[in-house]
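Comments concern the structure below.
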Amino acid sequence: EVQLVESGGGLVQAGGSLRLSCATSGFTFDDYALLWFRQAPGKEREGVSCIDIVTSNTYYADSLKDRFTISSDNAKNTVYLQMNNLQPEDTAVYYCAATNTRLRVIEALLPSDYDYWGQGTRVTVSS
């Protein structure tokens, strides 16, 4: 059974940092790409960052690449999202997703192209 379990969310003041984790199981981690995406209340899903475990390539939403960093621990089948200088507009539920489909670069941040999703972890940034 494929499982993606996010953790690390919480309440933080503006300017603070959080590190999210996504622990995975049930598939061959090394064959997959992992995506972090988020959904704020009343807004559409937004791709945040992707790491392709096969190639080690990473991709970021342009507006977030200076503050967010994606990484993975392949031995632990876990992907992380380090978020710095958080702002109230970063408030959202953050999800991780996985796919072994070889996506084109323009598809890398599209949640709909991923096969498996986690349940999400909530991040709230107060001003």
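Just the heavy atoms: all of them, side chains too, but no hydrogens, waters or symmetry mates, feed the values below.
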Shared hydrophobic cluster, V12 / V93 (ILVMFWY, side-chain heavy atoms < 4.5 Å)
no

Quick check for you: to the nearest 0.5 Å, what is the distance between S112 atom OG and W117 atom CH2?
7.5 Å

Does the T24 side chain pair with the main chain of T78, one donor and one acceptor, at a distance under 3.5 Å?
no

Would you list the pairs meeting salt bridge (charged side-chain N to carboxylate O under 4.0 Å, His left out) in which at least one residue belongs to residues 4-15, sequence neighbours left out?
none

Flag side-chain contact, heavy atom, 4.5 Å: Y60 against T69
yes

Atom pair CD1 (I70) and CD (Q82), whose distance is rounded to the nearest 0.5 Å
12.0 Å

Could you check whether atom CD of Q87 has more than 12 heavy atoms from other residues, nucleotides or ligands sitting under 6.0 Å from it?
yes

Could you pull out the closest heavy-atom pair between A14 and P88, with the gap in Å?
CB-CD, 4.1 Å

Could you measure the distance from the CD atom of E1 to the CZ atom of F27? Nearest 0.5 Å is fine.
12.0 Å

Drop me the distance from T91's OG1 to K43's NZ, to the nearest 0.5 angstrom.
9.5 Å

What is the distance from atom CG of D52 to atom CG of L35, rounded to the nearest 0.5 Å?
11.5 Å

List in chain and number order the residues that pass salt bridge (Lys or Arg N to Asp or Glu O under 4.0 Å) with R67, two or more places apart in sequence or in another chain; answer none if no residue qualifies.
D90

Contact summary for F37 and A97, nearest pair of heavy atoms:
CE2-CB, 4.0 Å

Shortest non-hydrogen pair, C50 vs Y114, comes out as SG-OH, 3.3 Å

Over all heavy atoms of both residues, which pair between T99 and L103 is shortest? Give the atoms and the distance, please.
CG2-CD1, 3.8 Å

Contact between D115 and V2 at the side-chain level, heavy atoms closer than 4.5 Å - yes or no?
no

Any side-chain heavy-atom pair from N84 and S17 closer than 4.5 angstrom?
yes

Would you check, one step at a time, whether the test side chain to side chain contact (heavy atoms under 4.5 Å, CB included) holds for Y94 with M83?
CA-CA 11 Å; Y94 284 72; M83 307 186 295; 3.7 Å; yes

Rounded at 0.5 Å granularity, tell me how far CZ in F29 sits from CG in D73.
8.0 Å

Are R102 and T55 close enough that some pair of their side-chain heavy atoms sits under 4.5 Å apart?
yes

Going only through I, L, V, M, F, W and Y residues with side-chain contacts under 4.5 Å, is there a path from L20 to F68?
yes

L34 to A98 - nearest heavy-atom pair and separation
CD1-CB, 3.6 Å

Would you mind reporting whether E46 and S63 have side-chain heavy atoms less than 4.5 Å apart?
yes

Taking the side chain as every heavy atom from C-beta outward, state whether I53 and S72 have any pair of such atoms under 4.5 Å apart.
yes

Answer yes if Y95 and V123 sit in the same cluster of Ile, Leu, Val, Met, Phe, Trp and Tyr residues linked by side chain heavy atoms under 4.5 Å apart, and no otherwise.
no

Find out whether Y32 and Y116 are in side-chain contact, i.e. whether some heavy atom of one side chain is under 4.5 Å from a heavy atom of the other.
yes

Shared hydrophobic cluster for V125 and L64 (ILVMFWY, side-chain gaps under 4.5 Å):
yes

Can you see which heavy atom on W36 is nearest to which on V79, and at what distance?
CZ2-O, 3.8 Å

Applying a strict under-4.5 Å side-chain criterion to I, L, V, M, F, W and Y, I'd like to know whether L109 and I51 cluster together.
no

Between T101 and D113, is a side chain to side chain contact (heavy atoms under 4.5 Å, CB included) present by the stated rule, with each step listed?
CA-CA 8 Å; T101 300; D113 286 331; over 6 Å; no

